[in-house]
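This report concerns only the one structure given below.
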Amino acid sequence: MLLSLFIHFSTPSRCLPIKTCKRCCQYSTGRNVHKVDTPVLLKNALPLAFNRSGGHGGKQKYIRLNSSQKRCFSSECDEVCHHHEHGEVRVRFAPSPTGFLHLGGLRTALYNYIYAKKYGGSFILRMEDTDQSRLVPGAAESIEDMLEWAGIPPDESPRGGGQYGPYLQSQRLSLYSQAADSLVQTGKAYHCFCSQQRLELLKRDALRSGQTPRYDNRCRHLRPDQVEEKLDQKVPHVIRFRLESGVEPFNDLVFGWNRHEVAQVEGDPVVMKADGFPTYHLANVVDDHLMKVSHVLRGSEWLISTSKHLLLYRALGWKPPVFGHLPLLLNRDGSKLSKRQGDIYIQSFQRSGALPEALLDITTHCGSGFNSNRVGRKMEELIAEFNPSKITTHSALLDLGKLAEFNKIHLQQRIDDAVQRDWLVRDLQGRIQEVYGTQVQDQDVLQPDYITRVLHLRKGHISSVSDLVSSEYSYLWVRPSFSDQQMAALSSEIQHIATLDYSGSYHNYYRLTGLLWFIP
């Protein structure tokens with residue numbers, strides 16, 4: 001339960017009601033989220049700060065901010081952290097269509113989707129296609145297809161549109177150009193005319209001396225007349241952002257307070273390339289601001305870049321969103337998931353018969369961020385049990401060997417649900433025709449009633465509908481063909497059974513197919 005009270009600020013014109021987490025002393029005024037020194041100071045704040053007479057006279061003590069406060073893991077922070085000055089919650093998944101959607105991307109999209117639905121917000125899909133040389137044809141369309149198949153459809157997207165589109169970065173170039181020009185005009189960025197050859201020499205020299213390669217900021221010292229002369233001569237150039245020291249710390253939703261003095265270890269980064277396309281650093285800041293993104297939930301590999309992005313927000317005069325960096329998703333042995341592993345692509349799982357809810361279940365089960373950790377959760381249960389304060393910094397170890405068991409559980413749930421079962425029947429009909437084709441002589445085996453009976457009979461024994469079209473279950477769809485000697489060796493009733501028309505009788509059919517289990 002949150003503690004409600006009033007606090008006077010150092011130059012108060014009025015009292016502001018606030019809500020506070022008792023454990024970490026984080027409080028919200030409805031406009032900003034702050035942290036105070038200690039729980040003791042907070043509990044004593046009411047009599048010290050609240051003037052019962054209604055005035056501001058007399059000696060008063062004020063709550064001081066403590067930027068070194070660590071992240072609180074209390075669920076009481078939930079209301080404070082996720083309902084503050086940004087108003088509506090708007091999150092985004094921004095993949096690069098240089099490849100198809102894989103498990104790591106699906107997990108990031110899933111956490112964003114759940115976060116949006118948990119707090120009544122919007123989930124945005126934005127394609128970061130500025131690296132034109134590496135685009136994979138059809139990847140952008142496939143990513144959106146796979147999100148919809150997985151049950152996490154975006155509220156705004158390249159296909160569906162939205163109020164803040166377009167949602168392809170290649171269609172937003174003028175917006176990035178305006179932002180870059182603004183940075184140059186205010187002295188926060190500058191034109192760089194260094195050739196690729198010079199940059200390569202800098203890199204080689206640094207590596208030779210055992211240092212990390214970095215740009216030496218040579219062009220930031222050019223005089224205005226030198227810059228104008230080179231621009232008039234149409235010398236190829238990029239725009240670099242001027243890094244400054246004094247980065248402010250930020251409170252990450254997962255990793256707590258962080259700060260990275262990028263100016264001490266990096267050269268000024270390129271924000272606009274020579275071809276007129278922005279780099280990731282500028283494009284994501286511009287887009288997140290213009291699309292009114294309130295919370296950025298992305299992989300922890302971007303944690304070290306966040307200070308750089310906050311400098312860009314400050315230089316452009318924009319308020320940054322809240323950041324939360326999700327821990328990595330790794331293989332069971334702790335190795336990194338690789339895109340070279342063909343089986344980590346969502347299309348691969350789809351083709352193999354994996355159910356989308358089983359994929360979502362296993363990727364959340366191996367991680368954190370939920371009030372429970374049970375198998376078999378559906379989307380509405382994931383949303384209900386989601387608790388951002390429970391996301392840990394530890395990497396999630398994914399054991400794909402358990403996917404079959406997850407799939408079996410969710411398959412049983414689908415078979416027991418009339419609507420979902422109809423989908424399974426149609427899917428199995430297509431798979432039977434694809435695998436056996438003209439071998440299916442009796443069309444009755446394609447009838448929904450028959451397939452429904454098969455699903456119920458094998459429920460709990462199969463992990464996927466694709467199991468039912470394997471050779472092990474071919475007898476269910478294809479009329480068997482065996483010699484009289486093989487059949488006679490099985491039963492003395494074989495002559496009688498052979499005279500029966502099993503296509504119209506399930507009882508006779510299963511008497512025959514039951515005998516086939518004993519044929520070696």
Within 6.0 Å of CD in E380, more than 12 heavy atoms from elsewhere: yes
Any donor-acceptor N or O pair under 3.5 Å, side chains Y164, R90: no
Step-by-step side chain to side chain donor-acceptor pair (under 3.5 Å) determination, D287 to Y176: CA-CA 9 Å; D287 287 342; Y176 311 131; 2.7 Å; yes
Polar side-chain atom of N258 near backbone of F250 as donor-acceptor pair, under 3.5 Å: no
Stepwise salt bridge (Lys or Arg N to Asp or Glu O under 4.0 Å) check, D145 with R159: CA-CA 10 Å; D145 287 342; R159 181 183 299 163; 2.8 Å; yes
Reported CZ-to-CD distance for the pair R431 and Q433, which is rounded to 0.5 angstrom: 13.0 Å
Aromatic plane relationship, H281 with H309 - under 30° parallel, 30 to 60° tilted, over 60° perpendicular: tilted
Side chain to side chain, R298 and F323, heavy atoms closer than 4.5 Å: yes
Side-chain donor or acceptor of S466 paired with backbone N/O of G353 under 3.5 Å: no
Minimum side-chain heavy-atom gap P448-Q429 below 4.5 Å: yes
Any donor-acceptor N/O pair, Q178 side chain to L175 backbone, under 3.5 Å: no
Rounded distance [0.5 Å steps], CD1 in I362 versus CG in N407: 9.5 Å
Check: E88/S122 side-chain N/O donor and acceptor closer than 3.5 Å: yes
Heavy-atom donor-acceptor pair, T363 side chain to R107 backbone, under 3.5 Å: no
Closest heavy-atom pair and its distance - V293, P321: O-CB, 3.5 Å
K118 side chain vs A384 backbone, donor-acceptor pair below 3.5 Å: yes
Minimal non-hydrogen separation, Y473 against L468, with atom names: CB-O, 3.5 Å
Heavy-atom donor-acceptor pair, Q413 side chain to G376 backbone, under 3.5 Å: yes
Test item: side-chain donor near acceptor, Y280 and E128, under 3.5 Å: no
Atom NZ of K308: over 12 foreign heavy atoms under 6.0 Å: yes
L382 and Y113, any side-chain heavy atoms less than 4.5 Å apart: no
Verdict with supporting geometry, R421 and R414, side chain to side chain contact (heavy atoms under 4.5 Å, CB included): CA-CA 6 Å; R421 185 171 59 246; R414 282 203 175 197; over 6 Å; no
Atom pair CD/CG of E472 and D467 - distance to nearest 0.5 Å: 8.0 Å
Within 6.0 Å of CD in E434, more than 12 heavy atoms from elsewhere: no
Spacing of L303 atom CG and T393 atom OG1 [to the nearest 0.5 Å]: 10.5 Å
Exercise: identify the closest heavy-atom pair between S352 and S464: O-OG, 3.6 Å
H260 and L310, any side-chain heavy atoms less than 4.5 Å apart: no
Side chain to side chain donor-acceptor pair (under 3.5 Å) partner of S170, the single match among D131, T130, D129: D129
Worked verdict on F93 versus L147 for side chain to side chain contact (heavy atoms under 4.5 Å, CB included): CA-CA 10 Å; F93 174 52; L147 289 178; 4.1 Å; yes
G99 versus V136, closest heavy-atom pair with distance: N-CG2, 3.9 Å
Atom pair CD1 (I114) and CZ (F370), whose distance is rounded to the nearest 0.5 Å: 4.0 Å
Residue K402 excluded, over 12 heavy atoms near NZ under 6.0 Å: no
I304, CD1 atom: more than 12 neighbouring heavy atoms under 6.0 Å: no
Donor-acceptor contact below 3.5 Å, side chain S307 vs main chain V247: no
Whether D399 side chain and R332 backbone form a donor-acceptor pair below 3.5 Å: no
Any L183 side-chain heavy atom under 4.5 Å of L312 side chain: yes
Residue pair Y111, F386: steps toward the side chain to side chain contact (heavy atoms under 4.5 Å, CB included) verdict: CA-CA 9 Å; Y111 273 78; F386 182 61; 3.9 Å; yes
Sidechain-backbone polar pair: S157 side chain, G160 backbone, donor-acceptor under 3.5 Å: yes
K292, NZ atom: more than 12 neighbouring heavy atoms under 6.0 Å: no
Steps toward side chain to side chain contact (heavy atoms under 4.5 Å, CB included) verdict (L359, L403): CA-CA 7 Å; L359 274 180; L403 179 58; 4.2 Å; yes
Any C366 side-chain heavy atom under 4.5 Å of L329 side chain: yes
Candidates R92, R126, K117 - the one meeting salt bridge (Lys or Arg N to Asp or Glu O under 4.0 Å) with D155: K117
Donor-acceptor contact present, side-chain D333 to main-chain S335, <3.5 Å: yes
Minimum side-chain heavy-atom gap P278-K273 below 4.5 Å: no
Within the 6.0 Å centroid threshold, strictly below: Y119 and Y115: yes
V469 versus L428, closest heavy-atom pair with distance: CG1-CD1, 4.0 Å
Close side-chain approach of S463 to L411, heavy-atom, < 4.5 Å: no
Neighbour count >12 (heavy atoms, 6.0 Å) for atom NE2, H461: yes
M146 to L101 - nearest heavy-atom pair and separation: CB-CD2, 3.7 Å
Nearest-0.5 Å distance, NZ of residue K459 to CD1 of residue I415: 6.5 Å
